[in-house]
Amino acid sequence: MKHVFIVGGTSGIGYSLAQLYLEKGFVVGICSRDISKISDSQKSNFQVFQTNVSNYIQLHETIESFISKEKKIDIFINCAGCYTEDVADSISYQQAEEMLQTNVLGTVNAFEVARKIMKNQQSGKIAVIASVSGILDYENSSLYTKTKRAVIQIAKAYHRALKPFGISVITIAPGYVDTQKLRNLNANDLSKKPFLVDEKTATNIIFNAIENDKKFVIFPSKMKWLMLSLSVLPSALLNVIMFKKAKWMKSK
Ligand SMILES: NC(=O)c1ccc[n+]([C@@H]2O[C@H](COP(=O)([O-])OP(=O)(O)OC[C@H]3O[C@@H](n4cnc5c(N)ncnc54)[C@H](OP(=O)(O)O)[C@@H]3O)[C@@H](O)[C@H]2O)c1
């Protein structure tokens, strides 16, 4: 039997992935800060832990506890992420701190705990959920965008370092995914989210990327080609386009 552990597995993309792995016959461990979000009947399908990814000791203890029972982790996925809709100067210090701790420090913590277990096993896959927004480098981007750019870079470093130990690193950069969190942030109106995909589609793409050990996956494909086209533009032009896009998205 195969074992998967999903950090941030209690809602949205993470929970949808947890359900898919369960259907595929995996033993599934999940964690997040607030596990009351899922019902007791849902909890009974998984091993559930209350854990903050930005707290290394807590995360380490959680994984040790999962391993002491299950003996191994074949796949470790970090879905935990903190996002808002705002640019850098319009979020509070507390929001910025939470975003940096969850998205950046949390990514490092996830790699650190997973790699220790997987080095002993001499096998395993570690997947991280970045964002398509982290692909482009432009002015006026949100702090969230910068943290997801950091996630992509951190994953690259671990990809190289862990390869000799039989551990693969898979980085996923989704475009807009129709999750409750995204809806809550946009007053339930996702009409200005181009190439939006539903949770199930996103989950299947992520599952297949992990199965096939893809190093870096951007989806949906229309978003991927748009990003790749924008990435070759001169930075001054890219800045103007992205500024106009942000203005359009905020307009009613
Ligand atoms: N939806 C999109 O359009 C989209 C697009 C690109 C990338 N992403 C990325 O995909 C991931 C999931 O997004 P989503 O839309 O599914 O959001 P979501 O429903 O809010 O899921 C986030 C999950 O992470 C957990 N989490 C957050 N902070 C945590 C922390 N410090 N420690 C442990 N768990 C934590 C949340 O539970 P608690 O709050 O209870 O801890 C929740 O289970 C995020 O990394 C996001 O940046 C989303």
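Just so you know, residue 1 is the first one in the sequence shown, and it goes up from there. In what follows, every heavy atom counts, from backbone to side chain, and hydrogens, waters and symmetry copies are set aside. When a ligand or atom number is given, it counts from 1 through the structure's own listing order.
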Check: If we only count heavy atoms from C-beta on, is the I152 to I135 side-chain gap below 4.5 Å?
Finding: yes
Item checked: Protein heavy atom at shortest distance from atom 31 (N) of ligand 1 -> N52 OD1, 2.8 Å
Next item on the list: Please report which non-hydrogen protein atom sits nearest to atom 9 (C) of ligand 1, along with the residue it belongs to and the distance in Å to one decimal place.
Entry: I129 CG2, 3.8 Å
Checklist line | Non-hydrogen side-chain atoms of Q42 and Y15 separated by less than 4.5 Å | finding: yes
Checklist line | K37 bridged to D34 by N-O distance under 4.0 Å | finding: no
Margin query: Could you tell me, atom by atom, which parts of ligand 1 come under 4.0 Å of a heavy atom of Y83?
Written below: 1 (N), 13 (O), 14 (P), 15 (O), 17 (O), 46 (C), 47 (O)
Margin query: So if I count the atoms of ligand 1 from 1 in the order they appear, which ones are less than 4.0 Å from some heavy atom of I13?
Written below: 10 (O), 16 (O), 48 (C)
Margin query: Tell me the nearest of K37, Q58, K181, Q101 to atom 38 (P) of ligand 1, using heavy-atom distances.
Written below: K37
Note to self: Within ligand 1, which atoms have a heavy atom of Y176 less than 4.0 Å away?
What the structure shows: 3 (O)
Item checked: Nearest protein heavy atom with distance in Å, relative to atom 3 (O) of ligand 1 -> V177 N, 2.8 Å
Checklist line | Residue, atom name and distance, where the atom is the protein heavy atom closest to atom 11 (C) of ligand 1 | finding: C79 O, 3.2 Å
Item checked: V53, any N or O under 3.5 Å of ligand 1 N or O -> yes
Check: Which pairs, with at least one residue in residues 163-192 and sequence neighbours excluded, count as a ring-ring contact (aromatic ring centres under 6.0 Å, His included)?
Finding: none
Notebook entry, point to check: What are the atoms of ligand 1, with element, lying closer than 4.0 Å to any heavy atom of T179?
Noted result: 1 (N), 14 (P), 15 (O), 16 (O)
Next item on the list: Could you establish whether Y15 and ligand 1 come within less than 4.0 Å of each other, counting only heavy atoms on the residue side?
Entry: no
Notebook entry, point to check: Which part of E98 is near ligand 1, with near meaning a heavy atom under 4.0 Å away: side chain, backbone, both or neither?
Noted result: neither
Check: Does the pair K125/D74 count as a salt bridge with the N-to-O cut at 4.0 Å?
Finding: no
Notebook entry, point to check: So which pairs with a foot in residues 100-120 pass ring-ring contact (aromatic ring centres under 6.0 Å, His included), sequence neighbours left out?
Noted result: F111-Y158
Check: Would you say ligand 1 has an N or O under 3.5 Å from any N or O of S54?
Finding: no
Next item on the list: For G175, counting its heavy atoms only, list the atoms of ligand 1 lying under 4.0 Å from any of them.
Entry: 3 (O), 5 (C), 6 (C)
Item checked: Close-contact set for ligand 1 against G12 heavy atoms, below 4.0 Å -> 16 (O), 19 (O)
Check: With side chains defined as the heavy atoms from C-beta onward, is the minimum distance between E70 and Q47 less than 4.5 Å?
Finding: yes
Next item on the list: Could you tell me the residue and atom name of the protein heavy atom closest to atom 29 (C) of ligand 1, and the distance to it rounded to 0.1 Å?
Entry: R33 NE, 3.4 Å
Next item on the list: Would you kindly say whether T201 and N204 are connected by a side-chain donor-acceptor distance under 3.5 Å?
Entry: no
Notebook entry, point to check: Quick one: which ligand 1 atoms are inside 4.0 Å of a heavy atom on S131?
Noted result: 6 (C), 7 (C)
Note to self: Please determine whether the number of non-hydrogen atoms from other residues, nucleotides or ligands lying under 6.0 Å from atom NZ of K200 exceeds 12.
What the structure shows: no
Checklist line | Pick from C82, G106, S11: the one approaching atom 21 (O) of ligand 1 most closely through a non-hydrogen atom | finding: S11
Margin query: If we only consider heavy atoms of S16, is any one of them less than 4.0 Å away from an atom in ligand 1?
Written below: no
Check: In the protein, what heavy atom is nearest to atom 23 (C) of ligand 1, and what distance, to one decimal place, separates them?
Finding: G8 O, 3.5 Å
Checklist line | Within-4.5 Å side-chain heavy-atom neighbours: I117 and V113 | finding: no
Notebook entry, point to check: Y83 versus L182: any side-chain heavy-atom pair under 4.5 Å?
Noted result: yes
Note to self: Counting only heavy atoms from other residues, nucleotides and ligands, does the tally under 6.0 Å from CZ of F243 exceed 12?
What the structure shows: no
Checklist line | Closest protein heavy atom to atom 33 (C) of ligand 1, given as residue, atom name and distance to 0.1 Å | finding: T51 O, 3.3 Å
Notebook entry, point to check: For A173, is the nearest heavy atom under 4.0 Å from an atom of ligand 1?
Noted result: no
Next item on the list: State whether the number of non-hydrogen atoms from other residues, nucleotides or ligands found under 6.0 Å of E139 atom CD is greater than 12.
Entry: no
Margin query: Could you check whether R33 pairs with E98 (Lys NZ or Arg NE/NH1/NH2 to Asp/Glu carboxylate O, under 4.0 Å)?
Written below: yes
Notebook entry, point to check: Any idea which atoms of ligand 1 are less than 4.0 Å away from a heavy-atom of L182?
Noted result: 3 (O)
Next item on the list: Starting from atom 26 (N) of ligand 1, find the nearest protein heavy-atom neighbour and note its residue, name and distance.
Entry: A80 CB, 3.9 Å
